[in-house]
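As the structure is a computational prediction, the values presented were derived from the model and not from experiment. Computed from heavy atoms alone, side chains included, the values below leave out hydrogens, waters and symmetry copies.
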Amino acid sequence: MQLFYSPNISIKDEHFAFDKDESRHISKVLRKQPGDVLHITNGKGYLFLTELIVANPKHCEVSIKSYELKQKRPFSLHVAIAPTKMNDRYEWFLEKATEIGIEDITPIICDHSERKTIKAERYEKILQAAMKQSLSCFLPKLHPVQSFSDFMQDSFEGQKFIAHCEDTKKIPLKSVAKPQQDCVILIGPEGDFSVKEIETAIKHNFIPVTLGDTRLRTETAGIVACHTIALIN
């Protein structure tokens, strides 16, 4: 099955028209013809079964035959992770986290952050492509970039963890995380969280955790955290 994405398709629609870029991809690259079946998601859990009725590089249109609402996971995972110095490493994290399963991503700027800007539009496209590739009907939400201190002011439901490399008491994430509960995990930059940030997080009831015996790159730590939560559930 090949999955297409549009946030604008609705269960109230009988027909739906793709934009120019997607129309060209469907007709020129994929060479789809009228009568072909296309599966479309709006990224909010709905999967639409459609039939292509107009195949034109400037205008592709489908007739909606049926739709279904996929069941959400019984928990949500929110990873707040610092942008990496090399942007492609962060993009790799976004792609793989989407494939594994994640609901929310917040880029956080920390005391030791070397990169303090993100490419939000490009990141959104990466998330969309990964969602389609993995045949998921849920698009992760990419939140605006925040400072660590601002993120600490937000309120969160469920479990809260901070993964860091300081030589202090930490619990393995796999031992402390509980199944079917919402979860927020903080992942720091290449230089790790500062001592002050770790202390601040603990004051806000974040539990210090370890992701293993070796020191991990930021993007690797993010993936290990996602995979650990997925396995627990």
Side-chain angles (χ1 to χ4, degrees), residues 1-11 16-33 36-52 55 57 60-62 64-81 83-84 86-107 118-143 183 185 187 216-233:
M1 183 178 83
Q2 188 170 28
L3 187 61
F4 297 87
Y5 166 70
S6 175
N8 300 319
I9 191 169
S10 166
I11 60 175
F16 176 77
F18 289 96
D19 61 27
K20 186 177 179 179
D21 288 342
E22 193 73 296
S23 293
R24 184 182 184 283
H25 181 69
I26 291 170
S27 63
K28 284 288 189 180
V29 180
L30 300 178
R31 299 186 182 278
K32 297 292 186 181
Q33 300 293 326
D36 287 347
V37 173
L38 301 184
H39 295 86
I40 309 171
T41 182
N42 61 359
K44 301 179 179 68
Y46 281 95
L47 178 65
F48 297 83
L49 178 66
T50 73
E51 180 182 336
L52 188 62
C60 281
E61 186 174 340
V62 296
I64 298 175
K65 300 301 182 182
S66 63
Y67 63 84
E68 63 175 308
L69 179 60
K70 297 292 185 177
Q71 187 174 1
K72 275 189 171 184
R73 304 194 299 179
F75 67 97
S76 68
L77 173 60
H78 185 164
V79 175
I81 179 170
T84 52
M86 301 297 292
N87 190 58
D88 60 339
R89 293 186 181 277
Y90 204 78
E91 293 176 358
W92 179 84
F93 162 76
L94 295 173
E95 179 182 79
K96 301 311 174 188
T98 301
E99 292 177 20
I100 294 170
I102 191 172
E103 282 68 35
D104 296 90
I105 302 164
T106 300
I118 66 167
K119 300 179 179 180
E121 186 175 344
R122 177 173 171 79
Y123 289 0
E124 284 287 355
K125 290 181 179 179
I126 290 171
L127 294 175
Q128 293 168 17
M131 175 190 68
K132 292 188 292 183
Q133 187 277 329
S134 59
L135 300 181
S136 170
C137 291
F138 295 95
L139 180 67
K141 180 175 178 57
L142 178 66
H143 295 271
C183 181
I185 302 178
I187 305 291
L216 305 176
R217 288 183 180 273
T218 295
E219 70 278 8
T220 310
I223 293 304
V224 170
C226 291
H227 192 237
T228 299
I229 297 301
L231 286 175
I232 289 171
N233 284 276

- prompt: Hey, does the side chain of Glu103 reach the backbone of Leu77 with a donor-acceptor pair shorter than 3.5 angstrom?
  reply: yes
- prompt: Quick one: are Leu3 and Leu47 in side-chain contact, heavy atoms under 4.5 Å?
  reply: yes
message: Using 0.5 Å steps for rounding, measure from the CD1 atom of Ile40 to the CD1 atom of Ile64.
response: 6.5 Å
field: Which atom of Phe48 lies closest to which atom of Ile9, heavy atoms considered
entry: CE1-CG2, 3.6 Å
field: Worked verdict on Thr41 versus Lys70 for side chain to side chain contact (heavy atoms under 4.5 Å, CB included)
entry: CA-CA 10 Å; Thr41 182; Lys70 297 292 185 177; over 6 Å; no
message: Nearest 0.5 angstrom please: Ile100 CD1 to Ser134 OG, how far?
response: 10.5 Å
Arg122 CZ to Leu94 CG distance, which is reported to the nearest 0.5 Å: 10.0 Å
field: CA sep, side-chain torsions, deciding dist, call: Leu52, Gln33, side chain to side chain contact (heavy atoms under 4.5 Å, CB included)
entry: CA-CA 7 Å; Leu52 188 62; Gln33 300 293 326; 5.7 Å; no
message: My understanding is that only one of Leu38, Asp21, Asp36 makes a side-chain contact (heavy atoms from CB on, under 4.5 Å) with Ile26; could you say which?
response: Leu38
message: With a 4.5 Å cut-off on side-chain heavy atoms, are Glu95 and Gln133 touching?
response: no
- prompt: So with a 6.0 Å cut-off around NZ of Lys20, is the heavy-atom count from everything else above 12?
  reply: no
task: Report yes if the side chains of Thr50 and Phe4 come closer than 4.5 Å at any heavy-atom pair, otherwise no.
output: no
query: Within a reach of under 6.0 Å around OH of Tyr67, are more than 12 heavy atoms found that belong to other residues, nucleotides or ligands?
result: no
- prompt: Would you say Asn233 and Arg73 make side-chain contact, with heavy atoms under 4.5 Å?
  reply: no
query: Would you say Tyr123's side chain and Tyr90's backbone share a donor-acceptor pair under 3.5 angstrom?
result: no
field: Within-4.5 Å side-chain heavy-atom neighbours: His227 and Leu231
entry: yes
query: Are the side chain of Ser6 and the backbone of Asn42 linked by a donor-acceptor contact shorter than 3.5 Å?
result: no
- prompt: Taking atom NE2 of His78 and atom CD1 of Ile105, what is their separation to the nearest 0.5 Å?
  reply: 8.5 Å
Heavy-atom donor-acceptor pair, Ser23 side chain to Cys60 backbone, under 3.5 Å: yes
message: Does this structure show an ion pair linking Glu219 with Lys96, if we count only N-O contacts that are shorter than 4.0 Å?
response: no
- prompt: Taking side chain as C-beta onward, heavy atoms only, is Val79 less than 4.5 Å from Phe93?
  reply: yes
- request: Work out which heavy atom in Tyr5 is nearest to a heavy atom in Met131; give both atom names and the distance.
  value: CD1-CE, 3.4 Å
- prompt: If you take all heavy atoms of Pro83 and Ile118, which pair is closest and at what distance?
  reply: CG-CG2, 3.8 Å
Gap separating the CD1 atom of Ile223 from the CD1 atom of Ile81, nearest 0.5 angstrom: 7.5 Å
field: Candidate pair Lys32 and Gln2, rule side chain to side chain contact (heavy atoms under 4.5 Å, CB included), full reasoning
entry: CA-CA 12 Å; Lys32 297 292 186 181; Gln2 188 170 28; 3.9 Å; yes
Heavy-atom pair of closest approach, residues Pro107 and His143: CD-O, 3.3 Å
query: Where do Ala225 and Ile185 come nearest, in terms of heavy atoms and distance?
result: CB-CD1, 3.8 Å
message: For the SG atom of Cys137 and the NZ atom of Lys44, what is their distance to the nearest 0.5 Å?
response: 12.0 Å
task: With the side chain counted from C-beta on, respond yes when Arg89 and Thr218 share a heavy-atom pair under 4.5 Å apart, and no when they do not.
output: no
field: Contact summary for Ile187 and Ala221, nearest pair of heavy atoms
entry: CG2-CB, 3.9 Å
